[in-house]
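We count residues from 1, following the sequence as given.
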Amino acid sequence: MSKTNNVLLGFPTSPFCARVKLALAEKGVDYEEREEDLFGGKSELLLKSNPIHQKVPVFLHDGKPLLESSIIVSYLDEVFTSNPLLPTCAYERAQARFWTDFIDKKVFETMRGIWLSKGGEEQEVAKKDFIEILKQLEEALGEKDFFGGDSFGYVDVIAIPLTTWFLACEKFGAFKVEDHCPKITAWIKRCFQKPTVVKSLPHPENVYQFTTQLRQMHGL
């Protein structure tokens with residue numbers, strides 16, 4: 001597949017764009033990445049491809065736009081059949097989609113409440129909620145190496161990019177994820193032993209610098 005057939009419109013620190021990059025890396029699919037200027041002026045291609053939300057990621061496969069990171073990852077798993085990410089068992093696929101929905105609805109917004117907070121009780125509530133969510137994910141992980149079992153799979157692809165934002169939460173919230181959620185911390189370390197993960201995800205320090213800029217933009 002030539003690069004011109006696959007285009008990813010993205011942003012360097014976005015965990016949602018990183019999901020798509022990671023899925024593409026896991027599948028061994030070549031693509032062209034185009035960075036969007038989300039604050040200075042979005043491209044015509046982005047506005048045309050995603051007129052409803054006007055956000056990244058957008059993945060163009062043979063010119064056809066695909067939107068929403070978890071949907072894109074699912075599409076890639078269906079179209080590029082090598083190294084499958086979703087389980088073959090229908091029940092396990094349903095479970096993977098449940099946890100994907102849980103992660104999509106809970107994790108990023110709760111983290112946002114920590115690093116966009118002025119501190120005080122508001123931030124303490126966000127920290128408590130965030131740690132509780134991670135503990136629920138630890139229960140889902142159980143004694144497995146990965147959410148899919150012995151091998152890195154769909155839920156891991158969905159979840160691991162969000163962990164690059166943990167450092168910012170820790171710095172602004174004055175806590176350590178490792179102190180509360182050792183299983184999640186061990187899972188993160190296992191994931192980062194994979195070259196595809198290291199290659200596809202933003203560095204946590206870059207994310208921390210980006211959140212610092214966002215705080216300034218919000219007058220914090």
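- The ring-ring contact (aromatic ring centres under 6.0 Å, His included) search around F166 returns F130, not counting sequence neighbours.
- A search for side chain to side chain contact (heavy atoms under 4.5 Å, CB included) contacts involving E36 returns L9, L38, K42, S43, L46, V56, not counting sequence neighbours.
- Judged by distance alone, the side chains of D129 and T110 never bring a donor and an acceptor atom under 3.5 Å apart.
- Annotation for G149 and K144: closest pair CA-CD, 3.7 Å, computed over non-hydrogen atoms.
- Taking a 6.0 Å sphere around CG of D179, one finds it holds more than 12 heavy atoms contributed by other residues, nucleotides or ligands.
- Ring-centre distance between Y31 and H61: not below the 6.0 Å cut-off.
- Between E92 and R97 there is no salt bridge, since no side-chain nitrogen of the basic residue lies less than 4.0 Å from a carboxylate oxygen of the acidic one.
- Salt-bridge annotation for E143 and K183: present, with a side-chain N of the basic residue lying under 4.0 Å from a carboxylate O of the acidic one.
- Residue P15 is tested with I158, L162, T163 for a side chain to side chain contact (heavy atoms under 4.5 Å, CB included); the sole match is L162.
- The hydrophobic cluster containing L76 also contains V79, counting ILVMFWY residues as joined when their side-chain heavy atoms lie under 4.5 angstrom apart, directly or transitively.
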task = Please test W165 against R112 for side-chain contact (heavy atoms from CB on, under 4.5 Å), starting from the C-alpha separation and ending with a verdict.
result = CA-CA 9 Å; W165 288 66; R112 197 171 182 270; over 6 Å; no
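- For Y75 and F59, the ring centers are positioned 6.0 Å apart or more.
- In this structure, F98 and F102 have parallel ring planes: the angle between them is below the 30° cut-off, well short of the 60° mark.
- Among residue pairs with one or both ends in residues 186-206, those qualifying as ring-ring contact (aromatic ring centres under 6.0 Å, His included) are F147-W187; sequence neighbours excluded.
- Of the possible donor and acceptor atoms, one in the side chain of K27 sits under 3.5 Å from a partner among the backbone N and O of N83.
- A salt bridge does not link D156 with R190: none of the charged nitrogens is closer than 4.0 Å to a carboxylate oxygen.
- Linking Ile, Leu, Val, Met, Phe, Trp and Tyr whenever their side-chain heavy atoms come within less than 4.5 Å leaves V20 and I71 in two separate clusters.
- By the 6.0 Å contact criterion, CZ on F39 is enclosed, its count of non-hydrogen atoms from other residues, nucleotides or ligands being greater than 12.
- Annotation: E178, atom CD; neighbour count of heavy atoms from other residues, nucleotides and ligands within 6.0 Å does not exceed 12.
- With rounding to the nearest 0.5 Å, the separation of CD1 in I160 from CG in L22 is 8.5 Å.
- Taking the six-membered ring for Trp and thresholds of 30 and 60 degrees, F108 and F16 have ring planes more than 60 degrees apart, a perpendicular arrangement.
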